[in-house]
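These notes are about the structure you will find just below.
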Amino acid sequence: MMEAPVRVRYAPSPTGYPHVGNIRTALFNWLFARHSNGKFIVRIEDTDTARTVPGAVETILESLEWLGMDWDEGPDKAGDYGPYFQSRRIEFYRLAAEKLVKKGDAYHCYCSSERLEEMRAGQVAAKMPPGYDRRCRDLTDEERQACIAKGRKSVIRFKGPKGGETTFSDVIRGEVTFENRTIDDFVILKADGFPTYHLASVVDDNKMLISHVLRAEEWISSTPKHLLLYRSLGLEPPLFAHLPMILGPDRSKLSKRHGAVSITQYRDEGYLPQAMVNFLALLGWSLDDKTDIIDTETLVKNFSLERIGKTAAVFNREKLDWMNGVYIRSLDIEDLSTRALPFLEKDLPGSVERPLDFEYVKSVMPLIQERARTLGEIPGLTYFFFISEIDYEPELLIGKKMNRDITLQALKASLESLEKPGSFSRDELESCLRPLAEKLGLKAGQLFGTLRVAVTGLTVAPPLFETMAVLGKDKCLERMRKAVLKLSSVESE
RNA sequence: GGCGCAUUCGUCUAGCGGCCUAGGACACCGCCCUCUCAAGGCGGAGAUCACGGGUUCGAAUCCCGUAUGCGCUACCA
């Protein structure tokens, strides 16, 4: 038997920003498609008119693009099985629903939402499993006509079998069985003529020739509904693989409460797409017992459904930060600078003149490359390179086992030897300053610490000589003179 | 409540009957390097493999229960 070509889909509903869990599902679909030389299809499930958010589709697509997930068919990428918005495929669903009604596998239900709500409340109060009581399941023609005459709106419900069981073999979990009597007479077509997820996904997955449905674990219990639908419609179901969920630190379903959950937020905080892809891929999938840093190409080459785990994974922000740092360190300076630029433009103090000098930015990047875990941290790590006036407490100038006068003396001596004409290169600075410390009877660290504060305003900063070289002679001398002034205003002990 | 899924270091995971006195990574601790902070190197601590029964010469790995967690239980996806 010929294997059907792999065709998988990512089917988000445009109800807001794409969640990292959702994106992880997209990623697994994409990786599987690319690995198998198959097709990756994006289908927008906009069947809930009330919850649809304008602009959400754009954000979803942007997110996929940002992460490098390209699609073969989807919005603005016409294929042979479009349209790729469910709201434009209403006819297909209507036809399918009517076919089921005609077959006797579905029926019109005229119950009001009020009645349904009441019914459910009663069931819950009576500790009964909530579910539709099938009142409209066996309506006579007269009763039905009466409802129609009264102008009652109807939905179409699937007529679930009363007995037997439905079994399927999940690619990841193996055999899963449900008793049919536990399956409700679920709605397939809503009163507004839109389908529910169950009908729409079945119809579309079939029409779009989807071979594997890779979706989140929370869908596992509605899979029998889908199977029942396939059977009634006389269609061959695809293979199902239910992916483990992504949890917050408290092990509950990841949500806004847990901080960043939308993928765009990670982009805005300065995570690199490669790092994000790598990290997300490892949430539920593994290459082997020791590899953590895996580029996208390797991911595609080695991805397989067999190595997807079954257990829900906690989204571990600290590991993401570490991994993002690894990727930042792997960038060349040009690339890093280009990526850092928007963050600098955005977060540097308003007093800093824009646009920034790109060459200058390039000269400071090597100093923070191994210190930044996200691009968003870069402005905070480098602002003293850009602002004209640094601000700090004069006491910071006085290092360990030093006092005001010793510090003042050290500063003045440094000034004196640096003011001499000559290059201000890293090596030059070192060969000037190191002996000077000794001459002053100070440890190198003591002198350097004082100078670090004088020149950056910080006790924690990149290496001193490199920093001074990038800052330049004029600026350094100026800041050191200011330091002398600041310190002079401090009272001597 | 019903149904379903899951259960290996704090976290992500390796493990698909003997290689496991359970391996790697993040985080943590110590040492080295060092002008601070990082990065890097080395080392450490950390999992009676949820629990209880089986099966087997042998189980983290197979089976059955129990517990716990999570998901679904909408005219939401």
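Every chain is numbered from 1 and lettered A, B, ... according to where its sequence line falls, protein lines coming before strand lines. Heavy atoms only: backbone and side chains are in, while hydrogens, waters and symmetry mates are out. All values reported here derive from a predicted model rather than from experimental measurement.
Between His226(A) and Trp219(A), the ring planes lie tilted relative to each other; the angle falls in the 30° to 60° range. In this structure, Phe186(A) and His198(A) have perpendicular ring planes: the angle between them is above 60°, well past the 30° mark.
Counting only heavy atoms from C-beta on, Arg51(A) has its side chain closest to rC76(B) among rA74(B), rG4(B), rC76(B). For Glu318(A), taking side-chain heavy atoms from C-beta onward, the closest of the listed nucleotides rA27(B), rA6(B), rA39(B) is rA27(B). Taking every side-chain heavy atom of Ser221(A) into account, rG71(B) is the closest of rG71(B), rC75(B), rA39(B).
Under the Watson-Crick or G-U wobble criterion, with both distances below 3.5 Å, rG18(B) is paired with rC57(B). For rC26(B), the paired base is rG10(B) (Watson-Crick or G-U wobble, both distances below 3.5 Å). Checking rU36(B) for Watson-Crick or G-U wobble geometry (two distances, each under 3.5 Å) identifies no partner in any strand. Nucleotide rC72(B): paired with rG2(B) (Watson-Crick or G-U wobble, both distances less than 3.5 Å). Pairing for rA50(B) is with rU66(B), a Watson-Crick or G-U wobble pair whose two hydrogen-bonding atom distances lie under 3.5 Å. Pairing for rC31(B) goes to rG41(B), judged as Watson-Crick or G-U wobble with the two contacts each under 3.5 Å.
Taking the six-membered ring for Trp and the full ring otherwise, Phe448(A) and Phe465(A) have centroids separated by under 6.0 Å.
A salt bridge links Lys253(A) to Glu218(A): at least one charged side-chain nitrogen sits closer than 4.0 Å to a carboxylate oxygen. Salt bridge annotation for Arg88(A)-Glu45(A): absent, with no cationic side-chain nitrogen under 4.0 angstrom from a carboxylate oxygen. For Asp105(A) and Arg231(A), the salt-bridge test fails: no basic side-chain N is under 4.0 Å from an acidic carboxylate O.
Contact annotation for Val155(A): base contact, defined as any heavy-atom pair under 4.0 Å involving a base atom. Pro224(A) comes within 4.0 angstrom of no nucleic acid atom, judged by non-hydrogen atoms across all strands.
Mapping Tyr197(A) and Arg181(A) onto RNA chain B via the closest heavy atom, the residue that lands nearer the 5' end is Arg181(A).
The one candidate from Phe28(A), Phe32(A), Phe40(A) that meets the ring-ring contact (aromatic ring centres under 6.0 Å, His included) condition with His212(A) is Phe32(A).
A donor-acceptor pair under 3.5 Å is absent between the side-chain atoms of Ser232(A) and the main chain of Leu229(A), judged by distance alone.
Nucleotides rG24(B) and rG65(B) place their P atoms 36 Å apart, quoted to the nearest Å. When the C1' atom is used for both rC12(B) and rA47(B), the distance is 14 Å, rounded to whole Å. If you take atom C1' in rA60(B) and the same atom in rC16(B), they sit 11 Å apart, rounded to whole Å. Rounded to whole Å, the P atom of rC49(B) lies 14 Å from the corresponding atom of rG23(B).
Applying the 6.0 Å contact sphere to CZ of Arg137(A) captures more than 12 heavy atoms from other residues, nucleotides or ligands.
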Check nucleotides 31-36 of chain B for protein N or O atoms closer than 3.5 Å to its own N or O atoms and list the pairs.
residue: rC35(B); atom: OP1; partner: Arg434(A); partner atom: NH1; Å: 3.0
residue: rC35(B); atom: OP1; partner: Arg434(A); partner atom: NH2; Å: 2.9
residue: rC35(B); atom: O2; partner: Arg452(A); partner atom: NH2; Å: 2.2
residue: rC35(B); atom: N3; partner: Leu464(A); partner atom: N; Å: 3.1
residue: rU36(B); atom: O2'; partner: Thr459(A); partner atom: O; Å: 3.4
residue: rU36(B); atom: O2; partner: Ala461(A); partner atom: N; Å: 2.9
residue: rU36(B); atom: O2; partner: Ala461(A); partner atom: O; Å: 3.0
residue: rU36(B); atom: N3; partner: Ala461(A); partner atom: O; Å: 2.5
residue: rU36(B); atom: O4; partner: Pro463(A); partner atom: N; Å: 3.0

Scan nucleotides 12-15 of chain B against the protein and return all N/O pairs shorter than 3.5 Å with their distances rounded to 0.1 Å.
residue: rC12(B); atom: OP1; partner: Val314(A); partner atom: N; Å: 2.9
residue: rC12(B); atom: O2'; partner: Leu282(A); partner atom: O; Å: 3.1
residue: rC12(B); atom: O2; partner: Lys319(A); partner atom: NZ; Å: 3.4
residue: rU13(B); atom: OP1; partner: Gly284(A); partner atom: N; Å: 2.8
residue: rA14(B); atom: OP1; partner: Ser286(A); partner atom: OG; Å: 3.0
residue: rA14(B); atom: O3'; partner: Arg307(A); partner atom: NH2; Å: 3.3
residue: rG15(B); atom: OP1; partner: Arg307(A); partner atom: NH1; Å: 2.9
residue: rG15(B); atom: OP1; partner: Arg307(A); partner atom: NH2; Å: 3.4

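With sequence neighbours left out, the side chain to side chain contact (heavy atoms under 4.5 Å, CB included) criterion links Tyr17(A) to Thr59(A), Ser262(A), Thr264(A).
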